[in-house]
Structures are given as C-alpha cells and as structure tokens.
Amino acid sequence: MLGGSRADIIKKSSRPKGRQLSEDAIEEVRSLLGDEPRRRDLLIEFLHRIQDRHGHLGAAHLKALAVEMRLSEAEIFEVASFYHHFDIVKDDEEAPAPVTVRVCDSLSCELAGADNLIAALEAGCDPANVRIIRAPCQGRCAEAPSACVGRREVGYASVDAIGRIIDENAIGAIVPGYIDLEQYRAEGGYSLYESCLRGERTPEELVEMLSDAGLRGLGGAGFPAGKKWQIVRSFEGPRLMTVNGDEGEPGTFKDRYYLERDPHRMLEGALVAAWAVEAERLYIYMRDEYPGVLEVLKREVEALTDAGLCDLCPIEIRRGAGAYICGEESAMIESIEGKRGLPRHRPPYIAEVGLFGRPTLNHNVETLYWIRTIVEKGPGWFANQGKEGHKGLRSFSVSGRVAEPGVKIVPAGTSIDELIEACGGMAEGHEFRAFLPGGASGGIFPASMSDMPLDFGTFEPHGGFVGSHAVVILSHKDDLKKAALNLLRFFKHESCGQCTPCRSGTEKMVAVLEAGDWDPGLLSDLEQVMRDASICGLGQAAPNPVRSVLRIMQEEAGQ
C-alpha cells in the first residue's frame, strides 16, 4: 500500500496532534495560579504571573495555561499577543534579555532628548543582557526623559542612572511615600462613606451635591458625574462599578500624582459612588506602566478589606498590560473580562450593558478624588473655585518647555498664559510658540490662542479639546511637523486594529508625513474617512495634530 501499511497509518493518526503538554509546565502554572478560580476574566492576571516569573510567555506555559483554564491555545495567544507588555516566545525562539529597559519616546520625552538616550543605551548595552525598547507615554512627562528598568520607574533618565540600576540589579518597583489607611482615617477619612452606610445620607442627596458642584468626568469626556449616577441607577440591577486608571494619553500624569500621595481619597470616593448606584463589586483597572501605584493599591485595598470597609462592595484590582486603547471605557471592560481590549459598538452604552453585561458605573481617578472634598466643603465651595462661567478646580498635567513642569491645580477656565505663569514661565531660552491642550488627541494650537479658557467645550469649535487636561508647551525651537509626526506614530502603534479606517488610516498618514508630503487636500481626505468611519475616539481624533499644524503653518505664512 502506497505510504505504508494500514496498521502504520492507524498508529500515526492515533498520536495526539499539536504541541504536547509538558508536565513541568503544567505544574509550574498550577503553582503560579494557586487557589484562584480558573475564570475566563482572570486570564490577563494569570498571563502577568507567568510573565513576571519567567520574563516571557513560553509556548509550553501557554499550552499549560490553556489546558488549566479549558480554553483553546488560539484564544490564549490572541489575548497575549494583543498587549505590548507580554513577550511570547515560540519553541524555536530565544527568550528576551533578562533586563528590559523601556524608554518613553512620546512628545515630552522626545523634546527632552529621548532619541539620543535610546541611541546611547543601544550602543552601550550588551543585547544579551539588556533589551532596549521604545515605549509610549509612561506618565512621567514632568521628569522627561523617562524610562522603566524592569519594574523600576526612572525620571530624568540618563545612561549613567540606568546603568547603575542595572549593575545593582535594583529593578523592582519603588513604592512612594503616601497617606496610608491609618493616617487617612485619623484625619477624618471614610467618615463620609460610613455615614452613607448608616443611612445618614441618600444617593439622591449626593447626586444633587455633585450636580450643584459641577463635577464632571475628568478622564476626558467631561460628562456630569451626578447625571451619570442617575443614569446607571435607572437600569435594573445587579450593577457593577469600574475605575479607569489607564491614563495613557501622552502628557497625562495627574492620576498617578494623586494615587502616589493620597490614594484613599480616590478609594473612598469610589466606595461612595458604588454605594450610591448599589454596585455589587468594584473593579479598579490600573495601567501596568505604574508599578509603584499598583503596589500602593494592592496594600491599601487589602487594608480596607481587613478593616471591613469593603464588605458591602468588594474591590478587585486589575492590571493592564500596555495598551492605550484600554483607556476607552468599553475596551477597558473587555480587558477586565480577560479579552483583547477592543472597543465595543455603541449603543448600548456601558451604563446599561457594561461589565459582564451588567449596568456599570465608570469613573476616572480624579473625578472620584474630589467627592469627599465636595461633600465636606459643600458644592458651592467647589463650584465657586472656577473662573467666570466655569465650575470647579482642574488638575493639569503640564510638560514641555516650561520652567517648572508638573501637576498644577488651578480654577476651571484658566488660560494657557496663566498656566505657564503657574509653571514659573517658559524654560530658559525658549519662547512660547504652540501648545497641546489635551494630550495627543486634543490638537496643537498657536500661542495666539493662549488666552482661551481651558475647559470642556471651549476648544471643540476649533477642532480640539482639553480631554484629560494634558498640556504640552512647545517653543520656537520645536519643529511642529516633527511633533505632529511623533503623535501620529503613537496612534499608529496604539491602534487596536479592529477597524480599517483607524488601522490603515494611521499607517497611511504616518507614511505620508514621513515622506514629507503635507498636501492639505490629501491629508484632509484621509482625515475625513478616519473621522467618519472609525469605531472609537482613537481613529476619530488621531488626525487632530496634523490638521492643527496645517492651520498654524497657514497662519504663520499669513494665508
């Protein structure tokens, strides 16, 4: 018989197909997972455990994880390969170097010399021991250029500083000094939450207070917080709540600022909000680029649980894995469910059909941070902090060409001129030329518009927005075309790839800009397609920097 006997054929066909399960790998995976339930929504958490232990995701461990979780290998692979912080190593590939150095190359860090730093590190490090990776914004824009060596965050990064950290093997996360639970409670913390639990306050009362204060979503959208509570409460339970700590917008670091100093103000605000909408569980989604913050939250949530303050609404911390798109609320929910962070089509909105199909309240870190203050000082106090026609305080992440970058807490409606003054003026030798009012997505505007109030709704008529309140200041020494290209490369890198207009549009726009073709007609046509047909805000807002720079060029040319 051609090809062998029938017995040989039967013997071959009875052999198991595909990669064989390694007993060592399955035991290692079981040990890492411990007694955790093998739920689908914990997949990303389990991938982190393997990556943290071995420095990569080996094929044998992925196979073992698939068997342990009763999922297909393809499903495990598609999730792991979606996120930038997971390193998949196939059978015939070498594992990455023992130490990974991620150097931010987003706009503020590029202005501070990140390209030269990366080149020097690549020239001076042994690739067998150290891997150098260009990385998007790491939320240390005020300390540019920034890097992360292993899990250790480094501000004002230099070759010498990074070299010392590697030589000393000091690559673990650094936990900042902060107000812990004991100190927070000693200063009146959780009195508000406990009064809610005792029935001394009502959800309706708090909704009215937040509405009168003018508190809005400070992650970018600016939706009224009180109104959001009402909407979520209008849908039949059971309900859930999420906290979006994935502030990946280039130039944004205000949430990190608050969490590294006073995390319980956010946590108390979250518990109060969860109580108000009767959420059964609270999920905090925190970006992986903040290892110090993740450790703070882990410690303090455990302390809250031990103190019985999470009895009504248990808190779970979910760790991102390096994907800017997960800052979009529906993509974040997909990630919490253990999937790729692909934005959902809307409607329905997550307030009606959110996490695990339940009505879900989602808030930004800073929004929750202000709740205790508003209740204690009164909604009128908070509202009156704003300038004429604007309510409340705003926390701006300011970086770029200013003398004193950092988080600046100023009245809503403050102008760029006033914000620069709060930063000690322009950096020495730099003259103000342009600014980003809302990170990479918010557009680039000329200095001639620096007297406009920085608030929701003021820049929209001009094709921009304040969004996450990430302000980057540019000077006469900066190439605006190069700045726009930097931002477009970020969007290209971070597109989730789900929709063609965004995936191919960002790729095409980067190619056009790299070729030096700034033809307004061509770029306008491409922009229109991206705006009209992209599923989420990434593709819709990605062209903003290019259109803005074209407008500035025309203005400077006197056209």
Side-chain angles (χ1 to χ4, degrees), residues 187-235 239 241-244 254-255 258 262 264-279 282 313 329 349-351 359-396 408-415 418 453-460 465-469:
E187 298 171 355
Y190 290 100
S191 295
L192 168 60
Y193 181 54
E194 289 172 330
S195 72
C196 293
L197 296 180
R198 290 193 299 266
E200 297 170 4
R201 297 186 181 276
T202 66
E204 292 78 12
E205 173 191 1
L206 293 184
V207 165
E208 183 178 359
M209 294 182 76
L210 298 187
S211 300
D212 290 346
L215 182 64
R216 304 177 70 166
L218 298 173
F223 193 84
K227 182 67 174 177
K228 184 180 285 190
W229 291 16
Q230 288 178 315
I231 292 172
V232 173
R233 283 173 55 85
S234 72
F235 295 109
R239 307 181 189 95
M241 180 176 172
T242 55
V243 177
N244 191 338
K254 60 186 178 64
D255 291 350
Y258 285 120
D262 195 358
H264 283 283
R265 280 197 178 263
M266 182 279 289
L267 289 168
E268 182 172 13
L271 286 170
V272 168
W275 165 83
V277 300
E278 299 177 355
L282 169 60
C313 183
E329 61 181 13
Y349 294 89
I350 70 166
T360 302
L361 175 67
N362 178 56
H363 271 311
N364 161 262
V365 168
E366 191 198 354
T367 306
L368 297 168
Y369 180 90
W370 289 114
I371 290 176
R372 175 187 167 190
T373 301
I374 289 171
V375 175
E376 288 181 345
K377 295 190 175 184
W381 175 88
F382 186 80
N384 292 333
Q385 296 301 306
K387 303 188 75 173
E388 184 176 354
H390 306 274
K391 289 185 176 183
L393 294 167
R394 295 287 186 270
S395 305
F396 285 94
K408 308 299 175 180
I409 305 171
V410 297
T414 292
S415 69
E418 293 167 326
L454 289 163
D455 204 357
F456 299 110
T458 57
F459 283 88
E460 280 79 353
F465 47 80
V466 297
S468 63
H469 294 69

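We use all heavy atoms of the structure for the numbers below, so side chains are in, but hydrogens, waters and symmetry mates are not. The structure presented is a predicted model; accordingly, all values stated were derived computationally and were not measured.
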What distance separates [X] [atom1] from [Y] [atom2], expressed to the nearest 0.5 Å?
{"X": "Met241", "Y": "Leu368", "atom1": "CE", "atom2": "CG", "answer": "4.5 Å"}
{"X": "Glu194", "Y": "Leu271", "atom1": "CD", "atom2": "CG", "answer": "10.5 Å"}
{"X": "Ile350", "Y": "Glu329", "atom1": "CD1", "atom2": "CD", "answer": "3.5 Å"}
{"X": "Glu366", "Y": "Tyr258", "atom1": "CD", "atom2": "OH", "answer": "5.0 Å"}
{"X": "Leu454", "Y": "Thr414", "atom1": "CG", "atom2": "OG1", "answer": "7.5 Å"}
{"X": "Ile409", "Y": "Arg394", "atom1": "CD1", "atom2": "CZ", "answer": "12.5 Å"}

Counting only pairs under 3.5 Å, give me each side-chain donor-acceptor contact of residues 205-224, with atom names and distances, residues two or more places apart or in other chains.
residue	atom	partner	partner atom	Å
Glu205	OE1	Thr202	N	3.4
Glu205	OE2	Arg201	NH1	3.0
Ser211	OG	Val207	O	2.8
Arg216	NE	Gly222	O	2.6
Arg216	NH2	Gly222	O	3.1

For the backbone of [Y] and the side chain of [X], can you confirm whether one donor and one acceptor N or O come within less than 3.5 Å of each other?
{"X": "Ser195", "Y": "Glu200", "answer": "no"}
{"X": "Glu460", "Y": "Phe456", "answer": "no"}
{"X": "Arg372", "Y": "Glu268", "answer": "no"}
{"X": "Arg239", "Y": "Arg233", "answer": "yes"}
{"X": "Lys228", "Y": "Ala351", "answer": "no"}

Which pair of heavy atoms, one from Cys313 and one from Ala279, lies closest together, and at what distance?
SG-O, 3.6 Å
Side chains of Thr373 and Arg265: does their closest heavy-atom pair fall under 4.5 Å?
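Yes - at least one pair of side-chain heavy atoms lies under 4.5 Å apart.
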Pairwise side-chain contact, His363 with Ile371, heavy-atom cut-off 4.5 Å (strictly under):
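In short, these two side chains do not touch, never coming nearer than 4.5 Å.
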Please determine if Lys408 and Glu418 form a salt bridge, counting it only when a charged side-chain N lies under 4.0 Å from a carboxylate O.
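Salt bridge between Lys408 and Glu418, a charged N being under 4.0 Å from a carboxylate O: no.
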For the pair Tyr369 and Ser395, evaluate side-chain hydrogen bond (donor to acceptor under 3.5 Å, both in side chains) and give the outcome as yes or no after the intermediate values.
CA-CA 11 Å; Tyr369 180 90; Ser395 305; over 6 Å; no
With sequence neighbours left out, what residues match Tyr190 under ring pair (Phe, Tyr, Trp, His ring centres under 6.0 Å)?
Tyr184, His264
Identify, with sequence neighbours excluded, every residue that meets ring pair (Phe, Tyr, Trp, His ring centres under 6.0 Å) alongside Trp370.
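Per chain and number, Trp370 pairs via ring pair (Phe, Tyr, Trp, His ring centres under 6.0 Å) with Phe382.
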Report the C-alpha distance between His469 and Val410 in whole Å, list the side-chain angles of each, state the deciding distance to 0.1 Å, and finish with yes or no for side-chain contact (heavy atoms from CB on, under 4.5 Å).
CA-CA 11 Å; His469 294 69; Val410 297; over 6 Å; no
Would you sort out whether Val232 and Thr360 count as a side-chain contact (heavy atoms from CB on, under 4.5 Å), showing the intermediate values?
CA-CA 7 Å; Val232 173; Thr360 302; over 6 Å; no
Output, in order, the C-alpha distance, side-chain angles, deciding distance and verdict of side-chain contact (heavy atoms from CB on, under 4.5 Å) for Ile374 and Trp381.
CA-CA 7 Å; Ile374 289 171; Trp381 175 88; over 6 Å; no
